[in-house]
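A short worksheet on the structure shown next.
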Amino acid sequence: MNLLNGLNSGQEDAVLQTDGPVLVLAGAGSGKTRAIIHRVAYLLDGGINPRRILAVTFTNKAAEEMRGRAIKMVGDVAEKVLLCTFHSLCARILRVHIEKLKPMSGRQPYKMGFSIYDDSDKKRLCLSCLKDLGQPHNADSVKAARKWISYAKIEGLEPENLEAHLERRGESRFARVYELYLERAAACNALDFDDLLALTLRLLDENEEVLSIYQDRFEYCMVDEFQDTNRTQYELIKTLSGKHKNLFVVGDDDQSIYSFRGANIRNILDFEKDFPDAVVIHLDQNYRSTENILSAASALIEKNRGRMEKRLFTENTQGEQVVFCTCADERAEAEFVCSEIQDIQNGCDSELGSIGVFYRTNAQSRAIEDELLKRQIPYTMVRGHRFYERKEVKDVIAYLKVAVNPDDEIALERIINTPPRGIGKTSIDLLKKHARGSGISLFGAVSELMNAESVRPALRKKLGTFCSLMQALRAASTAMGPPKFVEHLINETGYFHYLIEDEGEGEQNPRAENVKELVTVARGFAERNPNSSALDFTHHIALLSDVDQLKEQEDTVSLLTLHSAKGLEFDVVFLVGVEAGLLPHYSVSTREQLEEERRLLYVGMTRAKKMLILTRAWRRSIFGRTAMNPGSPFIQEIPAVMLKTTAFYGDGI
DNA sequence: TGCGACCTAGTTTTT
DNA sequence: CTAGGTCGCA
């Protein structure tokens with residue numbers, strides 16, 4: 001089988017240029033994923049040990065997809081390629097080596113069995129730090145604290161460096177929050193998403209032995225969506241590929257839409273500086289969209305100043321004009337979208353599964369959903385983490401975490417009195433005070449105070465019961481596989497009973513059903529990962545996004561935000577709310593932010609293969625108010641000849 | 001300790 | 001408008 005079959009010359013170069021640093025600038029729809037997969041296949045075909053290939057993607061789903069396609073090309077050998085996200089790579093490395101990290105002064109050393117904190121855990125931890133420092137702890141403070149902590153970690157700053165940085169802005173108080181946060185996180189034996197990256201990098205920097213294990217191993221390194229990597233990720237991949245120096249990165253500066261999260265286009269620019277001998281390959285033939293769609297999108301993106309010069313072309317048909325429809329209000333907009341969908345459905349030239357509806361903000365989905373429901377058009381909405389954000393699911397996961405990592409205070413606080421066992425706020429405050437006073441963990445305080453004379457006997461007894469429950473769980477966590485353990489846990493803790501005692505069991509009790517679903521998730525995980533532990537399972541869940549779990553819904557319309565549309569494609573794309581205030585969003589103030597909004601629209605437009613319909617609402621109710629949004633200035637940037645402008649009033653006039 | 005009334009904030013979020 | 005969080009009362 002010829003692995004270069006069907007590739008154009010740029011893609012071919014990308015596949016064949018296996019040695020040395022390679023930067024691939026791949027425009028939208030230019031077949032970059034294809035190039036990476038062929039490259040992996042080509043390496044394997046050339047007899048490279050799959051374990052020596054590292055390919056980093058941005059979602060687990062993308063990783064799995066790539067793996068599947070590579071297996072199709074070269075067989076099961078592709079199974080063993082390390083194809084994962086930056087975060088899961090780091091979690092894997094740290095699960096083995098975290099105890100080799102040198103502890104920072106004044107902080108607890110990290111131990112095997114660490115917890116991974118998601119954004120809400122991080123928020124709670126920030127909140128408790130702000131409170132204990134006597135600082136204001138309103139939503140704005142917490143938000144600012146999170147932002148600075150994340151910034152400091154990505155940029156590799158210690159509290160004193162952050163303080164210097166913050167002084168200029170008059171926000172130096174956050175440096176102390178950061179300091180306490182680091183201390184507390186270490187005491188909890190917990191890593192947030194930024195830590196996973198930053199601590200792995202630090203480990204590689206300070207431990208030659210670990211460094212050489214991985215540098216020796218990773219003969220070929222590849223990174224997809226390179227434009228959305230942050231500083232730490234770039235440093236990491238540079239370090240990991242440092243020995244063999246076969247680093248291959250693929251990205252498109254025009255599709256960088258995560259700068260608000262620390263992604264840095266600078267990485268693309270720096271790549272050529274850091275690797276002066278890098279081979280630069282341009283993929284500029286678009287295979288996805290019609291000529292009309294591509295030229296409209298290109299005309300738009302060319303208005304950005306901070307971009308690399310390039311021009312995509314296509315050999316696809318001209319296709320239909322891009323439609324721009326002004327609707328009376330958001331209800332009319334939804335009616336318009338849905339009636340178009342039904343027309344398409346009746347015309348039978350497209351299945352529902354090939355239709356996507358994109359919007360800037362999640363709130364916009366509501367009007368569309370209502371109308372889809374009304375017309376009984378099946379749809380799937382990609383919406384962040386819904387299942388794992390449910391209270392009952394988080395509670396069970398918190399039990400898991402405490403069983404694996406008793407130092408995890410955030411998780412412990414969550415479950416110490418759920419179900420109610422008479423350890424209320426007052427008792428928790430007492431425990432916390434004792435823990436802080438003696439420099440021990442919250443769980444340590446539980447086991448000390450359950451025997452302390454000073455504590456009233458009733459509470460001592462309750463603490464004792466809870467403590468032995470958790471110790472028994474800890475023992476059980478290593479004795480059984482994840483599904484069995486989750487089941488064991490929800491029974492032993494009384495949590496399942498607590499859920500069903502009021503609501504009963506079965507369909508009518510969604511909370512109990514969700515908890516059961518978690519057992520099913522654990523079963524699936526254990527099947528895919530034999531010999532995995534409860535710890536592996538908690539890490540897996542923490543690093544899962546629900547785009548990952550989204551099953552291919554065959555015959556339904558997809559509803560997604562512009563951000564989650566990246567990397568996907570649809571025959572027909574509706575882009576709603578293309579109006580000033582939403583796109584660009586009213587919150588943007590700088591040119592850089594405006595350019596990112598333009599890229600966002602560009603990403604949305606270039607998802608369309610055959611038809612692209614942009615809509616706006618003349619008036620829109622937003623936060624209970626009616627806003628009269630002018631059309632998006634971006635529309636003016638698309639030459640009028642490329643647009644077919646229409647209007648739809650529905651009942652809304 | 002738990003529930004309900006009140007208040008407030010409200011982009012995007014691969015991990 | 002509405003969801004989530006807080007506060008106060010029973």
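The sequence lines fix the lettering, A, B, ..., with proteins before strands; numbering per chain opens at 1.
Taking atom CD of residue A:Glu592 and atom C1' of nucleotide B:dT12, one finds them 18 Å apart after rounding to whole Å. In this structure, the CD atom of A:Glu369 is 14 Å from the C1' atom of C:dT2, given to the nearest Å. Taking atom NZ of A:Lys566 as the reference point, atom P of B:dT14 lies 11 Å away to the nearest angstrom. Between the CG atom of A:Leu594 and the C1' atom of B:dT12 there is a distance of 15 Å, given to the nearest Å. Atom P of nucleotide B:dT13 and atom NZ of A:Lys143 are separated by 14 Å, given to the nearest angstrom. Distance A:Leu568 CG to B:dT14 P: 13 Å, rounded to the nearest Å. Rounded to whole Å, atom C1' of B:dT14 lies 13 Å from atom CE of A:Met66. Going from atom CG of A:Asn267 over to atom C1' of B:dT14 covers 16 Å, rounded to whole Å.
At least one cation-pi condition fails for A:Lys462 and A:Phe466: the charged atom is not both under 6.0 angstrom from the six-membered ring centre and inside a 45 degree cone around its axis.
Taking 3.5 Å as the limit, the base of B:dT12 and the side chain of A:Thr361 contain no donor-acceptor pair of atoms between them.
For A:Arg92, the CZ atom counts as loosely surrounded, since its 6.0 Å shell holds 12 or fewer non-hydrogen atoms of other residues, nucleotides or ligands. Around the NZ atom of A:Lys391, the shell of radius 6.0 Å holds more than 12 heavy atoms that belong to other residues, nucleotides or ligands. For A:Lys394, the NZ atom counts as densely surrounded, since its 6.0 Å shell holds more than 12 non-hydrogen atoms of other residues, nucleotides or ligands.
Side-chain nitrogen and oxygen atoms of A:Asn362 include at least one within less than 4.0 Å of the OP1 or OP2 phosphate oxygen of B:dT12. For the pair A:Tyr258 and B:dT12, the criterion of a side-chain N or O lying under 4.0 Å from OP1 or OP2 is not met. In this model, the phosphate group of B:dT13 is approached by a side-chain N or O of A:Thr561 to a distance below 4.0 Å at OP1 or OP2. For B:dG10, neither phosphate oxygen OP1 nor OP2 lies less than 4.0 angstrom from any side-chain nitrogen or oxygen of A:Arg625.
Candidate nucleotides C:dC1, C:dT2, B:dT12 were compared by shortest atom distance to the side chain of A:Phe623, and C:dC1 ranks first. Each of C:dG5, C:dA3, B:dT14 was ranked by its minimum atom distance to the side chain of A:Lys123; first place goes to C:dG5. Set against C:dA3, B:dT12, B:dT13, the side chain of A:Arg366 has C:dA3 as its closest nucleotide.
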Mind listing the N/O atom pairs, protein and nucleotides 1-9 of chain B, below 3.5 Å?
| unit_1 | atom_1 | unit_2 | atom_2 | d |
| --- | --- | --- | --- | --- |
| B:dT1 | OP1 | A:Gly424 | N | 2.9 |
| B:dT1 | OP2 | A:Lys425 | N | 3.2 |

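Residue A:Asp194 is classed as having no contact, given no heavy-atom separation below 4.0 Å to the nucleic acid. When heavy atoms are screened at a 4.0 angstrom cut-off, A:Asp119 is found touching base atoms of the nucleic acid.
Atom name P, nucleotides B:dT12 and C:dG5: the rounded distance is 16 Å, in whole Å.
Using a 30° and 60° split on the angle between ring planes, A:Phe271 and A:Tyr234 fall in the tilted class, from 30° to 60°. Aromatic ring orientation, A:Phe537 versus A:His540: parallel (interplanar angle below 30°, classes split at 30° and 60°).
Listed for the A:Asn405 side chain is a donor-acceptor partner under 3.5 Å among the backbone atoms of A:Asn189. A:Glu596 contributes a side-chain N or O that, together with a main-chain N or O of A:Ser259, makes up a donor-acceptor pair within less than 3.5 Å.
In this structure, A:His563 forms no aromatic stack with the base of B:dT12, since the conditions of centre separation below 5.5 Å and plane angle below 30° are not both met. An aromatic stacking contact between A:Phe260 and the base of B:dT13 is absent, as defined here by ring centres under 5.5 Å apart and ring planes under 30° from parallel.
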